Structures are given as structure tokens and as C-alpha cells.
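The structure appears below as C-alpha cells.
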Amino acid sequence: MSPAFDHPARGLELGYARVSTTKQSLERQLDALAAAGIPAEHIYTDKKTGTSIEREGLTALLAYARAGDTIVVHTLDRLGRNLREVLNLVHDLAERGIGVQSLADPLPINTTDAGMGRIAFLLLALFAEMERTYTAERAAHARAVAEASGRRIGRPVAHPADKIEYARLLKAQGESLGTIAAKTGIPKTSLHRYLTSQPTGDRS
């Protein structure tokens, strides 16, 4: 989203909201920004799709923001994909005279009210919380990419060795794959892998 008007002389509060997958909703962040008094035309958004890492909303926001403005986010981790990115961005914005404010962090930040030493202290207090968010987002993104390509995430289901040996015994006795699956509880797809592989103790 990009406002189609000239930047006024006075400082503005500019909102930014981001989610990392198409299945996540921007609604909570947008509601928080609206409750903070930021009009819709001053809010920029990004919603990543697939494997894309482009953030057109943030790029447009950074190009539009001027000294005296404040960028407002629901939580500070919305500004970047990792801690280094967030720290670098907050530092660059401070050098441009642009403030950053978070609304819902455990220790809400407002760089227009304190020096960078105070901000660094607050950022340190947020590190653990942000890392948990990034970890969850990376897992959600991996699942979304896998689902989009028809792949399954995670390790194959392991089955007890005694059940596998029992399945091989049943096969040697001439039982059908369906019967073996019913007696062992092992899915046919896994049975095919187990019954066509060489048992560990039978290598020559």
C-alpha cells in the first residue's frame, strides 16, 4: 500500500504491518494501528507469498518517510526477518531522524522519547521474545512452501523393529500387502519401503 499524495511538512505517524505467510492475517496488526489513531492511507503492508522475500510495502514506506516522522508497528519484529535486520533498520532510521514506535511489545519502544542508549537496552529485553517469533515464522513458512509444492514436512513415521520383522515374516509366508498392513498397523506406503529394503543383518 502506498499513499498517493505529497508528504506534508509536519511529522507523520506511518503504520507498517507484515505477516510471513499467505495463511496469516494482518487483521490484528491493522486493528492495533487503527486504534493508535493511524489512518488507513498511512499504513503500509506486506504479505509474503511462496518463497518471495520482497517487501514492497516496507520499501515504499522507507522511501516515503521523512525526518520527524514515526514508523509505528504492532511489535518490533514486524520490521525485519531477523534481529540484525531490525537493529540495522532502527539505527538507519534514527540517523535519518525517523522514529520507531511499537505498540504491543513486552517493553514498548518509542525512539522519539529516548536516546539510542535507552533503545539498545529495550531491544536487549526483546531479543528472546523476537527469536521465538522468528522460529515460529520460519517453521510456518517452510510448511507453506512444502504444501504449495505438494511435499510433506517432517521425518517419515518410524515403526518398531519387531513390527517390521513381523511384516517381513508375513511376506515370506505369502501374505498380501493389505493383510500385512492390517496385522502390523504399518501403512502400505511404508511397508513397500521396508519390504523391498535389505534387512541390516542380511548383508553379504
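Every value quoted in this text rests on a predicted model; they were computed, and no experiment measured them. Just so it is clear, the values below take in all heavy atoms, side chains as well, and ignore hydrogens, waters and symmetry mates.
- With a 6.0 Å radius and a threshold of 12 heavy atoms from other residues, nucleotides or ligands, Glu27 has its CD atom at or below the threshold.
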Requested in this report: Give the intermediate values and the outcome of side-chain contact (heavy atoms from CB on, under 4.5 Å) for residues Ser102 and Thr75.
Outcome: CA-CA 5 Å; Ser102 72; Thr75 52; 5.6 Å; no

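- By the 4.0 Å N-to-carboxylate-O rule, Arg78 lies close enough to Glu137 to be salt-bridged with it.
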**Report entry** Criterion side-chain contact (heavy atoms from CB on, under 4.5 Å) on Leu195 and Arg168, from CA distance to verdict
**Finding:** CA-CA 6 Å; Leu195 298 179; Arg168 287 175 175 150; 3.6 Å; yes

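- Judged purely by atom type and a 3.5 angstrom limit, Asp46 has no side-chain atom pairing as donor or acceptor with the backbone of Val19.
- Surrounding CZ of Arg28 are at most 12 heavy atoms belonging to other residues, nucleotides or ligands under 6.0 Å away.
- Across Tyr166 and Lys183, no two heavy atoms sit closer than the pair OH-CD, 4.1 Å.
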Report task. Begin with the C-alpha distance, continue with both residues' side-chain angles, and end with the deciding distance and a verdict on side-chain contact (heavy atoms from CB on, under 4.5 Å) for Val73 and Leu103. Result -> CA-CA 6 Å; Val73 290; Leu103 301 173; over 6 Å; no

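- Nearest heavy-atom pair across Ala17 and Leu33 is CB-CD1, 4.3 Å.
- With no hydrogens or angles considered, no side-chain donor-acceptor pair links Asp69 and Tyr64 at under 3.5 Å.
- Distance check, rounded to the nearest 0.5 Å: CG of Leu30 to CD1 of Ile43 gives 6.0 Å.
- The OH atom of Tyr44 sits 9.5 Å away from the CG atom of Leu62 when rounded to the nearest 0.5 Å.
- Without hydrogens or angle criteria, Arg193 side chain to Lys188 main chain gives no donor-acceptor distance under 3.5 Å.
- Remark: Lys163 NZ to Leu191 CG distance equals 10.5 Å, nearest 0.5 Å.
- In this structure, the separation between CD1 on Ile186 and CD1 on Ile164 is 5.5 Å, given to the nearest 0.5 Å.
- For the atom pair CG (Asn110) and OG1 (Thr70), the distance works out to 6.5 Å, reported to the nearest 0.5 Å.
- In this structure, NE2 in His42 is found 5.0 Å from CG in Leu12, a value given to the nearest 0.5 Å.
- Checked by atom type and distance alone, the side chain of Gln24 pairs as donor or acceptor with a backbone atom of Ser20 at under 3.5 Å.
- Between the Thr184 side chain and the Ile180 main chain, a donor and an acceptor come within less than 3.5 Å of each other.
- Considering every non-hydrogen atom in both Leu79 and Leu89, the closest pair reads O-CD2, 3.7 Å.
- Residues Asn88 and Glu85 form no side-chain contact, since every pair of their non-hydrogen atoms from C-beta on lies 4.5 Å or further apart.
- Judged by distance alone, the side chain of Arg55 and the main-chain N or O of Thr45 form no donor-acceptor pair under 3.5 Å.
- Residues Ile38 and Leu14 are not in side-chain contact: their nearest non-hydrogen atoms beyond the backbone lie 4.5 Å or more apart.
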Query raised in the report: How far apart are the C-alpha atoms of Asp77 and Val86, what are their side-chain angles, what is the distance that settles it, and do they pass the side-chain contact (heavy atoms from CB on, under 4.5 Å) test?
Result: CA-CA 7 Å; Asp77 52 42; Val86 172; 5.5 Å; no

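- Side-chain atoms of Gln29 come within 3.5 Å of backbone atoms of Arg18 as a donor-acceptor pair (strictly under, hydrogens ignored).
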